[in-house]
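Comments concern the structure below.
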Amino acid sequence: MKKIITICGPTGIGKTAFAIFLAKALHGEIIGADSMQIYKYMDIGTAKPDASERAQVRHHLVDFLDPAQDFDAGQYAEMADQAIDTIVENERLPVVTGGTGLYIRALLYGLFRSRPVCRTTLTELTKTLEKKGGPYLHRQLESCDPAAAQRIHPHDGFRIIRALEVFLTTGVPISQKQTQHGFAHPRYRSLTLGLYMDRHDLYDRINQRVDMMMAQGLFAEVQDLVEKGYDLNLKSMQSIGYRHMGWIINRDMDLDTAVSVLKRDTRRYAKRQFTWFRKEPGIVWMTPEQTGRAVALVKDFLTSP
RNA sequence: GGUGGGGUUCCCGAGUGGUCAAAGGGAUCAGACUGUAAAUCUGACGGCUCAGCCUUCGGAGGUUCAAAUCCUCCCCCCACCA
């Protein structure tokens with residue numbers, strides 16, 4: 001099984017710099033694991049590694065997709081697999097870096113099926129959801145997949161729809177697939193490094209970073225995207241930062257309020273990431289300053305059988 | 001100096017005698033998460049030896065079986081008048 005390094009942690013903690021340092025020290029190349037940095041033209045708001053950073057270390061799966069395109073964890077894992085193959089062939093070390101927990105999990109353990117989602121079914125179910133509400137669909141789910149219904153809250157329309165979609169298109173309850181799969185089989189040997197720091201310090205950093213993004217022209221970036229024809233309702237345009245600028249553009253909110261809500265939403269996101277990564281198994285936790293320790297750990301990891 | 005309005009749990013803010021540890025919102029914390037995940041969703045939120053008890057609604061007294069709610073005095077804030 002191939003060995004890879006994975007770096008995860010909440011937004012704004014300094015993963016980019018940490019990963020670049022590590023990659024340079026260890027002949028590595030970086031594979032992004034970020035659901036928004038994949039998009040082209042979205043640079044400031046996603047805190048994408050800039051040109052000079054990308055000149056130092058080769059980056060994969062960053063800045064390659066049109067913002068109007070959908071993407072998902074399955075595609076991510078597939079493309080990351082290819083990137084890893086290429087990097088290993090070139091005798092370099094793959095350093096997967098990012099904050100999208102599901103993408104990392106999908107890469108490291110795979111997902112329960114290899115077929116893409118059925119968009120038509122999804123759209124239909126979404127319509128029903130809007131018309132009849134979550135509890136209605138939840139009752140349907142209860143009759144075809146009671147186990148899933150028990151796990152999913154009646155208000156979590158997103159998950160109810162997914163569960164129904166799986167049952168409708170495959171005839172197999174999602175709960176059964178999930179149980180069988182169980183993320184039980186690693187696809188790589190990963191040394192996973194998790195970055196953490198004092199929560200208040202991280203929140204301060206996030207607040208400052210948002211101010212910095214605004215100073216760098218986040219608003220103009222979003223305006224440009226809109227002018228290029230990217231609808232504010234796109235998945236990509238509904239992400240943190242972009243939707244907030246959209247509210248200003250649409251005059252739904254004044255700038256000061258939008259910025260403070262943007263900070264708040266970023267903080268909440270970081271918190272959710274902590275919750276996710278905290279329970280992921282096998283993560284070695286360290287602060288972003290512990291680069292020396294990280295290098296030593298990686299060397300150990302690479303020489304071990 | 002005078003008149004009017006106001007001080008409520010971390011913040012904003014409702015509450016005018018019991019059904020009030022106190023609506024609602026915000027912030028925060030905790031959690032869920034298997035192909036939209038920067039998304040979607042849930043819970044907690046005065047304290048405790050937790051189906052009960054204790055301490056809270058500017059302060060001190062008082063009325064009452066019972067007060068955040070009524071009365072008295074005091075402190076502070078705001079508006080207007082001088």
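B:A44 and B:U28 make up a base pair, with Watson-Crick or G-U wobble contacts both under 3.5 Å. When both pairing distances are held under 3.5 Å, B:A39 makes no Watson-Crick or G-U pair with any nucleotide shown. Base-pair partner of B:G4: B:C78 (Watson-Crick or G-U wobble, both distances under 3.5 Å).
Judged by distance alone, with hydrogens and angles left aside, A:Arg105 brings no side-chain donor or acceptor close enough to the base of B:A37 to form a pair under 3.5 Å.
In this structure, A:Tyr269 is a member of the same hydrophobic cluster as A:Met42, with clusters built from ILVMFWY side-chain heavy atoms closer than 4.5 Å.
Near RNA chain B, meaning a heavy atom under 4.0 Å from it, residues 251-262 of chain A has no residue at all. Near-neighbour residues of RNA chain B inside residues 213-247 of chain A, defined by a heavy atom below 4.0 Å, number-ordered: A:Lys235, A:Ser239, A:Ile240, A:Arg243.
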Kindly give the atom pairs (protein nitrogen or oxygen, nucleotide nitrogen or oxygen) under 3.5 Å for nucleotides 28-31 of chain B.
from	atom 1	to	atom 2	distance (Å)
B:U28	OP1	A:Arg267	NH1	2.4
B:C29	OP1	A:Arg199	NE	3.1
B:C29	OP1	A:Tyr203	OH	3.1
B:C29	OP2	A:Tyr203	OH	3.1
B:A30	OP2	A:Arg199	NH2	2.2
B:A30	OP2	A:Lys271	NZ	3.3
B:A30	N7	A:Lys271	NZ	2.9
B:G31	OP2	A:Arg278	NH2	2.4

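With B:U36, B:U34, B:A32 as the choices, the nucleotide that has an atom nearest any side-chain atom of A:Leu111 turns out to be B:U34. Distance from the side chain of A:Asp72 is smallest to B:U36 among B:C33, B:U34, B:U36.
The phosphate of B:U34 has neither OP1 nor OP2 within less than 4.0 Å of any side-chain N or O from A:Tyr109. When the side-chain nitrogen and oxygen atoms of A:His155 are compared with OP1 and OP2 of B:U42, one or more of them lie within a distance under 4.0 Å.
Sorted by first and then second residue, the side-chain hydrogen bond (donor to acceptor under 3.5 Å, both in side chains) pairs with a member in residues 36-46 of chain A read A:Asp43-A:Lys48; sequence neighbours excluded. Sorted by first and then second residue, the side-chain hydrogen bond (donor to acceptor under 3.5 Å, both in side chains) pairs involving residues 137-150 of chain A (not counting sequence neighbours) are A:Asp145-A:Ser175.
B:U49 sits 29 Å from B:A68 when the C1' atoms are compared, rounded to a whole Å. B:G61 sits 14 Å from B:U69 when the P atoms are compared, rounded to a whole Å. Only the C1' atoms considered, B:C65 is 24 Å distant from B:A60, to the nearest whole Å. On the P atoms, B:U16 is 13 Å away from B:G7, given to the nearest whole Å. Annotation: B:U63 and B:C78 have their P atoms spaced 35 Å apart (nearest Å). When the C1' atom is used for both B:C50 and B:G15, the distance is 27 Å, rounded to whole Å.
A straight line from CG of A:Leu129 to P of B:C41 spans 9 Å, rounded to a whole angstrom. Regarding A:Ile161, its CD1 atom lies at a distance of 12 Å from the P atom of B:U40, rounded to whole Å.
For A:Asp70, there are no salt bridge (charged side-chain N to carboxylate O under 4.0 Å, His left out) partners, not counting sequence neighbours.
Pairing each heavy atom of A:Ile13 with each of A:Pro288, the nearest pair is O-CG, 3.4 Å.
Taking for each of A:Gly74 and A:Arg151 the nucleotide of RNA chain B with the nearest heavy atom, the 5'-most of the two is the partner of A:Arg151.
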Item to check | Stepwise ring-ring contact (aromatic ring centres under 6.0 Å, His included) check, A:His181 with A:Phe183 | outcome: CA-CA 6 Å; A:His181 179 83; A:Phe183 296 112; 5.2 Å; yes

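Counting only N and O atoms by type, the side chains of A:Thr266 and A:Arg209 include no donor and acceptor under 3.5 Å apart.
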